[in-house]
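Here is the structure we will look at, set down as structure tokens.
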Amino acid sequence: MDTGLLFNGYLGKRAHLGVCGSVAAYKAIELARGLQECNVAVSATLTRAAARFVAPLTFTALGVDPVWGDMFQDDADPYAHLAPGRTCHVLAVVPASANVLAKMVHGLADDMLSCQLLAHSGPVLVAPAMNPAMWEAPATRDNVARLRERGVDLVFPDSGKVACGDTGNGRLAPVGAILGHVCRLLSPQDMAGLRVLLTLGPTREKFDPVRFWSNPSTGRMGASLATAAWLRGAEVTVVAGPCSQDLPSGVRRIDVSSAREMDAACRDLWPAMDVACCTAAVADFRPVAFGDAKMKKDAVGPDGFVVHFEQNPDILAGLGAAKRPDQRLIGFAAESHDLDANARGKLERKNLDMIVANPVNVPGAGFAAGTNQVHVYDCRGGRESWPLLAKTEVAWRIWDHLAAI
Ligand code: CTP
């Protein structure tokens, strides 16, 4: 499982999984493992139908504890139907059948899972999976609408071919997407209401139709910042250069290629944002294009050829120049020397509230690494040096720091 969701914010949190009868029931096992990898303790209840598709023992063997089934087993805790409501921070029904959705709407409590749902007053998430005709049925549509009105978090099913061969909406959403939503329900919502813009990844500057100038940025630091902000309740828009970073399904992503495209997208979006954070490794220069035709190698003589570069827009500086007093702006600075002076210079020149500087020659930090070692400067003259930390942890702390200045 990807470690992109591994934040310390969930330490000590507990999730309860309700598993219904469906071909997709085995995916609840993958979800349980993903939650455990995020340091979330997991318990589960399998309905009688779910236990026909997957064995309760599989969950137990993977450390899911406890695993409940029928209501009146001889050795069962007589208050098991109340336990998740008392001890779990979220109850996630994955996959959720049409039957359990209907029972939730009406408060029916005729088996262990439906009793536990009724007795759980905390956050509830449902990720339905069923035949498309059952999903589109007026009764299901109605039930889903009523559950959403009550604040139940719904992860919509995907469309495609389902197990019986029919095609339509009804496939369980990808486990990674469901995992993100469960983690969001376990996170503090201290960024709720904030509209956050992020740039990430490299840019590509073409010099003929098949060749470009770029850099090895993977967008990992920016993806961690986007994910952390989304988990904490923000409405996040990412303008991404070409990179393969996964982002939570709730994050809006605009893909661009060149610095000028990234600049245009950011200028358009900025007036409607509260915060922007530029992590993209924007190419400062672009080759002056040779035109629309591919450069042929036999057209180049033995002395090679000369490429001329022209300057790209500084996206961060542009946002800084247009910044309103109610907006906050964060920049990054990759420095090989004079880190202090360069970072403070950029903070002031680009009209930033905060700049996160990383020395480019620290082992374990920089492009593609899972960790980063940064120094943080803010517009009030504050300076902090953080130890080498996972990029997810650096991201979480950056949002904490912004809230504190
Ligand atoms: N940045 C940007 N647009 C550019 C160049 C940089 O938005 N054309 C942003 C980066 O996303 C980062 C910050 O500016 O947040 C600093 O980038 P960095 O490469 O460290 O510095 P530069 O401003 O490019 O200056 P220099 O290369 O001289 O260090």
Side-chain angles (χ1 to χ4, degrees), residues 196-206 212-226 228-229 236-243 245 254-270 273 275-288 309-323 327-362 365-369 372-379 391 394-395 398-399 401-402:
V196 174
L197 170 65
L198 273 133
T199 68
L200 62 79
T203 61
R204 280 184 187 171
E205 313 298 329
K206 277 192 170 180
F212 57 80
W213 166 263
S214 191
N215 62 65
S217 167
T218 60
R220 193 158 175 172
M221 191 63 241
S224 290
L225 277 154
V236 181
T237 304
V238 164
V239 180
C243 64
Q245 284 299 329
I254 297 168
D255 286 300
V256 296
S257 184
S258 68
R260 283 183 292 179
E261 284 167 21
M262 187 175 276
D263 186 50
C266 289
R267 280 176 189 275
D268 263 11
L269 292 160
W270 186 216
M273 297 289 158
V275 179
C277 177
C278 292
T279 71
V282 183
D284 287 323
F285 307 98
R286 60 176 180 273
V288 177
F309 285 86
E310 55 195 358
Q311 200 136 19
N312 264 332
D314 187 320
I315 300 166
L316 180 62
L319 300 185
K323 190 175 82 167
Q327 291 176 308
R328 322 292 295 279
L329 185 57
I330 307 175
F332 271 69
E335 304 296 346
S336 57
H337 59 281
D338 295 336
L339 185 133
D340 217 70
N342 283 327
R344 285 187 203 280
K346 285 177 193 174
L347 178 79
E348 205 164 305
R349 241 185 359 265
K350 302 194 188 193
N351 192 23
L352 310 179
D353 296 278
M354 189 171 148
I355 192 155
V356 182
N358 57 297
V360 287
N361 33 20
V362 167
F367 287 144
N372 208 355
Q373 203 254 299
V374 302
H375 306 268
V376 177
Y377 304 78
D378 63 57
C379 54
K391 280 183 177 171
V394 173
I398 287 172
W399 296 127
H401 195 82
L402 184 71

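Note that ligands are numbered from 1 as they come in the structure, with each ligand's atoms numbered from 1 the same way.
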Completion exercise
Closest to atom 25 (O) of ligand 1 by heavy-atom distance, out of K346, K350, Q311, is K346

Problem - Candidate with minimal heavy-atom separation from atom 10 (C) of ligand 1, of A280, G331, G345 - result: A280

Completion exercise
A student comparing A334, C278, S336 should find that the heavy atom closest to atom 15 (O) of ligand 1 comes from C278

Exercise for the section: Evaluate the side-chain proximity of I330 to W399: yes if any heavy-atom separation is below 4.5 Å, no if none is. Expected result: yes

Exercise for the section: Answer with yes or no whether P313 contacts ligand 1, where contact means a heavy atom under 4.0 Å from a ligand atom. Expected result: yes

Handout entry: For ligand 1, the portion of D314 having any non-hydrogen atom under 4.0 Å away
Key = both

Problem - Contact bool for atom 27 (O) of ligand 1 (protein heavy atom, d < 4.0 Å) - result: yes

Problem - pair T199-V282: side-chain heavy atoms closer than 4.5 Å - result: no

Fill in the blank from the handout: Honestly, for A259 the part within reach of ligand 1 (heavy atoms, under 4.0 Å) is neither

Practice task
Could you tell me whether the side chain of E335 and the main chain of A341 form a donor-acceptor pair under 3.5 Å?
Solution key: no

Problem - Heteroatom proximity flag, D284 to ligand 1, N/O under 3.5 Å - result: yes

Problem - L316 neighbourhood, listing ligand 1 atoms whose heavy-atom distance to it stays under 4.0 Å - result: 2 (C), 7 (O), 9 (C), 13 (C), 14 (O), 15 (O)

Fill in the blank from the handout: Taking only non-hydrogen atoms of A333 and a 4.0 Å limit, the atoms of ligand 1 in range are 20 (O)

